[in-house]
Protein chains: 2
Amino acid sequence: MKYLSRPEEMVLLTIHRLDEEAYGMNIRNQVSELTGKYWSIGSIYVPLDRLEQKGFVQSHLANPTPERGGKSKRYYKLTEAGMKELKEIKKIYSAFWEGLPDLSI
Amino acid sequence: MKYLSRPEEMVLLTIHRLDEEAYGMNIRNQVSELTGKYWSIGSIYVPLDRLEQKGFVQSHLANPTPERGGKSKRYYKLTEAGMKELKEIKKIYSAFWEGLPDLSI
DNA sequence: GATAATTTCTACAATATAGAATTTATCTTT
DNA sequence: AAAGATAAATTCTATATTGTAGAAATTATC
């Protein structure tokens with residue numbers, strides 16, 4: 001795509017928002033909350049993988065926590081490129097939305 | 001998709017912006033101008049068709065004009081559903097962007 | 001051993017993107 | 001004034017990429 005797709009953008013913004021708490025399931029919860037819709041596991045993890053492939057985020061596996069349950073959390077953070085991409089898309093976006101009757105930003 | 005894709009959104013906003021002058025080639029020119037990038041013919045017409053299938057725009061073929069050249073223009077306008085969709089996406093979008101360090105809307 | 005929280009993996013559906021082909025009007029030339 | 005050249009626009013089609021769902025696997029505590 002020429003730009004971040006919408007799910008990619010939502011996930012990327014959510015990683016930024018969650019900061020130190022940005023791991024898969026948490027991201028999913030936050031996206032669900034902000035949109036009010038159901039997001040399948042894949043609809044979060046697949047974009048996450050692709051964002052990492054494109055160099056917009058970096059991840060690392062954390063050590064197990066004392067809470068019950070499974071695999072270690074994989075934490076994500078934005079890279080410089082990721083931040084730059086967000087700024088780019090915000091600029092373009094504003095150009096499209098500005099000055100429209102009934103819809104000004 | 002859960003929401004308008006980004007190209008769909010750009011095309012839809014541009015139709016709204018161009019108002020009475022919203023036909024394919026004109027939409028393409030405007031999108032190219034606002035993004036500063038190349039947009040192929042298909043990358044405009046395919047989303048246009050899908051927007052119409054989904055009921056977000058309506059089109060009609062105009063009569064030939066006195067200028068030289070080919071097929072009649074097909075003009076597009078937003079439907080009620082299209083306008084509603086834009087408002088919906090704007091609301092969601094704001095929720096994701098608001099209150100972020102370095103990126104507030 | 002059961003259960004829980006998380007990630008990994010995989011398949012299929014939908015959308016993005018490019019550009020050739022087609023259509024149909026005016027322009028140009030004779 | 002007819003015939004071919006040219007131009008503006010749309011329609012069509014194929015391939016690449018992205019979206020979406022959920023089963024399977026992993027690994028911790030109860």
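Each chain gets a letter, A, B and so on, in the order its sequence line appears, and its residues count up from 1.
Following rounding to the nearest Å, Met1(A) (CE) and dA18(C) (C1') show an atom-to-atom distance of 16 Å. In this structure, CD of Glu8(A) is placed 15 Å from C1' of dA14(C), rounded to the nearest angstrom. When the C1' atom of dA9(D) is taken as reference, atom OH of Tyr76(B) falls 11 Å away, rounded to whole Å. Protein atom CG of Asp49(B) is 12 Å distant from nucleotide atom C1' of dT13(D), rounded to whole Å. Rounded to whole Å, the distance from NZ on Lys2(A) to P on dT18(D) is 12 Å. Between the C1' atom of dT15(C) and the CG atom of Leu51(B) lies a distance of 12 Å, rounded to the nearest Å. Distance, Leu61(A) CG to dT8(C) C1': 11 Å, rounded to whole Å. Atom CD in Gln53(A) sits roughly 14 Å away from atom C1' in dT8(C) (whole-Å rounding).
Counting any heavy atom pair closer than 4.0 Å across all strands shown, Lys54(A) reaches sugar-phosphate atoms only and no base atom. Within the 4.0 angstrom heavy-atom criterion, only backbone atoms of the sugar-phosphate kind lie near Ser5(A); the bases stay farther away.
Between Arg50(A) and Arg6(B), the residue whose closest nucleotide on DNA chain C is further toward the 5' end is Arg50(A).
Side-chain nitrogen and oxygen atoms of Ser40(B) include none within less than 4.0 Å of the OP1 or OP2 phosphate oxygen of dA16(C). An OP1 or OP2 oxygen of dG19(D) is reached within less than 4.0 angstrom by no side-chain nitrogen or oxygen of Lys37(A). Within the 4.0 Å cut-off from OP1 or OP2 of dA16(C), not a single side-chain nitrogen or oxygen of Tyr38(B) is found.
Classification of Lys54(B) and Glu8(B) as a salt-bridged pair holds, one side-chain N sitting under 4.0 Å from a carboxylate O.
Using a 4.5 Å heavy-atom cutoff, the side chains of Gln30(A) and Trp39(A) are not in contact. In this structure the side chain of Leu86(B) never reaches within 4.5 angstrom of the side chain of Phe56(B), judged on heavy atoms.
Annotation: the span from Glu9(A) atom CD to Met1(A) atom CE amounts to 9.5 Å, rounded to 0.5 Å. To the nearest 0.5 Å, the span separating CG on Leu12(B) from CG on Leu48(B) amounts to 9.5 Å.
Note on ring orientation: taking the six-membered ring where Trp is involved, the planes of Tyr75(A) and His60(A) are parallel (angle under 30°, cut-offs 30° and 60°).
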At a cut-off of 3.5 Å, list every protein nitrogen or oxygen paired with a nitrogen or oxygen from nucleotides 21-24 of chain C, distance to 0.1 Å.
residue	atom	partner	partner atom	Å
dT24(C)	O2	Gly70(B)	N	3.2

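Distances were taken from every side-chain heavy atom of Lys73(A) (C-beta onward) to each of dT6(C), dT17(C), dG19(D); the shortest belongs to dT6(C). With dT20(D), dT11(D), dA16(C) as the choices, the nucleotide that has an atom nearest any side-chain atom of Pro7(A) turns out to be dT20(D).
More than 12 heavy-atom neighbours from other residues, nucleotides or ligands sit within 6.0 angstrom of CD on Glu88(A).
Near DNA chain D, meaning a heavy atom under 4.0 Å away, the residues from residues 17-31 of chain B are Tyr23(B), Gly24(B), Met25(B).
In this structure, Arg17(B) contributes its side chain and Leu100(A) its backbone to no donor-acceptor pair below 3.5 Å. Here the side chain of Ser72(A) pairs no donor or acceptor atom with the backbone of Asn63(A) at under 3.5 angstrom.
Taking the centre and axis of the six-membered ring of Tyr3(A), the NZ or CZ atom of Lys37(B) falls inside the cone set by 45° and 6.0 Å.
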